[in-house]
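Counting from 1, the numbers follow the sequence of the chain as shown. Note: hydrogens, waters and symmetry copies are ignored here, and every other heavy atom, side chains too, is used.
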Amino acid sequence: MTAVQMLAAISEIGRDQQRGGYSRPVFSEAELELRAWFTREAASRGLDVEVDRNGALWAWLDAPHGKRQDVVITGSHLDSVPGGGAYDGPLGVVSGVDALARIKERGHPQRRALAVVVFPEEEGSRYNQACLGSRLMVGELDPQKARALTDAEGVTFAELAARHGLDPEHLGADPERMQSIAAFVELHVEQGKGLVHMNAPVAVATSILGHGRWHLRLEGEGNHAGTTPMDDRRDPMVAAAQIILAVREEAAKIPDARATIGNLIPVPGGTNVIASAVDLWMDVRHLDDAVVRRLVRAIEARTQAIAAGEGCSAVMSENSYSPTVTFDRQLQQRMQELLPGAPLLPTGAGHDAGVLSAYVPSAMLFVRNPGGVSHAPAEHAGDADIEEGVLALVTVLEDLSR
Ligand code: GLV
Ligand code: MN
Ligand code: MN
Ligand code: MN
């Protein structure tokens with residue numbers, strides 16, 4: 001089965017009838033089904049599958065007489081955002097399996113072991129911690145903090161991990177594994193129109209914008225929608241509406257900055273109830289980390305002023321931050337030599353390769369997305385472009401494993 005056929009084979013798993021697209025939160029029924037599918041598919045191609053201490057899956061194509069040292073890895077994730085597309089994550093996983101199978105079939109003389117890795121909770125859809133698995137592996141996320149993370153149903157990550165055969169006390173940094181990695185190349189659907197504009201199927205990634213998540217808690221006074229006069233309210237929803245506009249205004253002042261309120265939760269959330277509180281989740285990105293900080297400070301000042309004007313209080317806290325990433329320059333250069341015509345492209349999206357890049361030489365390949373839409377059902381990559389992506393990945397992995 002090629003990557004295209006593998007995507008077709010999993011196309012019914014985790015469909016979201018309400019939102020459209022796919023909802024595949026980490027360790028949900030859908031993601032577990034995908035993990036089981038990956039394990040079977042990889043094993044059927046003679047790859048040796050293991051689960052690491054943080055729940056990542058590794059499918060190995062060992063070198064004939066080599067050890068799992070100095071290894072070259074590829075892969076991505078199988079979890080999705082709510083109502084996401086079919087490609088963000090799975091494309092990198094199935095392309096990895098396809099590439100390793102082709103390398104094996106051709107009997108490429110491999111000096112280094114190769115593996116396809118599937119990282120858990122890349123999107124942070126369940127625990128609001130993007131790249132949870134890779135951050136644990138590199139030692140950036142305190143396992144104690146990870147264990148205590150709680151999902152919308154009140155299930156802690158420790159409980160969830162234990163339910164799925166992991167030892168919660170064993171979560172965390174995996175220095176031995178990290179030291180064994182010579183390079184990581186993640187293939188991903190492009191999440192913009194760069195390749196459409198450049199008229200090319202595949203690009204080599206240069207950088208990732210610095211990005212983070214902030215939580216804003218607004219508190220006012222819960223009350224009755226029918227009996228409370230309009231001039232006697234402390235309605236945090238009204239403050240939230242103004243803050244959303246202010247976020248757009250502040251971001252628009254800075255070239256190439258991005259700021260988004262993508263999630264708003266009124267408490268208690270009833271049509272005939274003036275909310276007592278609102279939780280907002282904000283995502284801010286820019287290529288310059290200092291600019292992100294400056295923008296967030298400006299938004300915070302606007303937030304405080306708006307909340308005060310509505311008789312509400314506001315508390316803003318940083319949930320996570322990923323500094324700007326520049327992918328390994330030597331790897332970028334080598335990949336451009338190997339893939340003549342492949343343009344260089346930066347991205348605003350976060351990836352496990354971005355997390356690993358601070359520790360091991362990391363790189364990414366992007367596959368053209370005709371509409372440029374991602375994190376939404378319309379996300380797409382054409383069959384011919386996917387095939388080009390797999391061929392590019394084979395070329396790069398063969399070179400790096402030689
Ligand atoms: C993940 O895909 C992100 O960039 O938020
Ligand atoms: Mn994503
Ligand atoms: Mn992704
Ligand atoms: Mn991502």
Side-chain angles (χ1 to χ4, degrees), residues 26 50-61 68-79 88-93 95-96 99-100 112-124 129-143 146 171-189 191 203-212 285 289 320-335 345-366 393 396-397 399-401:
V26 70
E50 60 162 341
V51 186
D52 75 12
R53 65 202 298 169
N54 296 307
L57 298 169
W58 296 69
W60 290 96
L61 176 60
R68 288 177 189 172
Q69 277 166 4
D70 224 19
V71 304
V72 176
I73 65 173
T74 186
S76 196
H77 57 99
L78 291 171
D79 66 309
D88 178 356
L91 180 62
V93 173
S95 298
L100 263 56
R112 293 169 156 161
L114 289 161
V116 185
V117 57
V118 177
F119 287 109
E121 181 71 335
E122 191 274 347
E123 299 286 9
Q129 175 65 69
C131 300
L132 176 81
S134 54
R135 275 185 221 281
L136 278 168
M137 178 172 86
V138 303
E140 253 176 41
L141 177 62
D142 179 0
L171 295 170
D174 201 339
E176 236 174 89
R177 196 175 284 273
M178 282 305 296
Q179 277 158 21
S180 74
I181 302 171
F184 177 32
V185 182
E186 179 172 356
L187 179 146
H188 206 279
V189 66
Q191 297 173 286
V204 174
T206 53
S207 55
I208 296 181
L209 300 185
H211 60 285
R285 309 187 186 212
D289 296 310
S320 59
Y321 190 71
S322 309
T324 290
V325 166
T326 304
F327 286 114
D328 190 86
R329 288 191 199 280
Q330 255 175 299
L331 254 183
Q332 276 183 49
Q333 211 170 15
R334 183 71 190 137
M335 284 162 69
L345 210 60
T347 180
H351 301 284
D352 295 305
V355 173
L356 263 69
S357 71
Y359 307 89
V360 297
S362 300
M364 290 189 77
L365 288 169
F366 292 136
L393 188 61
V396 171
L397 294 178
D399 182 73
L400 295 176
S401 66

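Because its NZ or CZ atom is not both nearer than 6.0 Å to the ring centre of W58 and within 45° of the ring axis, R68 does not count as a cation-pi partner of that residue.
Between the OG atom of S357 and the NE2 atom of H351 there is a distance of 11.5 Å, given to the nearest 0.5 Å. With rounding to the nearest 0.5 Å, the separation of NE2 in H77 from CZ in F119 is 11.0 Å. With rounding to the nearest 0.5 angstrom, the CG atom of N54 is 5.5 Å from the CG atom of L171. The CG atom of L345 lies 9.0 Å from the OG atom of S207; values are rounded to the nearest 0.5 Å. Within the model, atoms OG1 of T347 and CE of M364 stand 7.5 Å from one another, a figure rounded to the nearest 0.5 Å. To the nearest 0.5 angstrom, L397 atom CG is 10.5 Å from S95 atom OG.
With hydrogens and angles ignored, the 3.5 Å screen pairs no side-chain donor or acceptor of D70 with any backbone N or O of A182. Proximity of a side-chain donor or acceptor of T324 to a complementary backbone N or O of G210 within less than 3.5 Å is detected.
Heavy-atom neighbours of Q333 CD from other residues, nucleotides or ligands within 6.0 Å: at or below the threshold of 12.
Here the shortest heavy-atom pairing between V360 and M178 reads CG1-O, 3.8 Å. Residues L132 and A146 share a closest heavy-atom pair of CD1-CB, 4.3 Å. Across all non-hydrogen atoms, the minimal contact from I208 to G350 is CG2-CA, 4.2 Å. Closest approach of W60 and A115 over heavy atoms only: CE3-CB, 3.6 Å. Nearest heavy atoms, A349 versus R285: CA-NH1, 3.5 Å. Listed here is the closest heavy atom pair of A353 and F327: O-CE2, 3.7 Å.
Residues meeting the side chain to side chain contact (heavy atoms under 4.5 Å, CB included) test with S320, sequence neighbours left out: Q129, R213. For Q179, there are no side-chain hydrogen bond (donor to acceptor under 3.5 Å, both in side chains) partners two or more places apart in sequence or in a different chain.
Checking R135, M137, E122 one by one against D352, the side-chain contact (heavy atoms from CB on, under 4.5 Å) holds for a single residue, E122. Among V71, T74, V72, the single residue meeting the side-chain contact (heavy atoms from CB on, under 4.5 Å) criterion with L400 is V72.
In this structure, a donor-acceptor pair under 3.5 Å is present between the side chains of S76 and E186.
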Is there a side-chain contact (heavy atoms from CB on, under 4.5 Å) between V204 and L365? Walk through the geometry before answering. CA-CA 5 Å; V204 174; L365 288 169; 4.2 Å; yes
As a quick check of understanding, evaluate side-chain contact (heavy atoms from CB on, under 4.5 Å) for H188 and L91, giving each step before the final call. CA-CA 6 Å; H188 206 279; L91 180 62; over 6 Å; no
Worked check of side-chain contact (heavy atoms from CB on, under 4.5 Å) between I73 and L114: CA-CA 6 Å; I73 65 173; L114 289 161; over 6 Å; no
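Put simply, the side chain of L331 reaches to within 4.5 Å of the side chain of P361, judged on heavy atoms. Looking at L187 and F366, their side chains never come closer than 4.5 Å, going by heavy atoms from C-beta outward. Residues M335 and V185 have side chains in contact (heavy-atom distance under 4.5 Å, counting atoms from C-beta outward).
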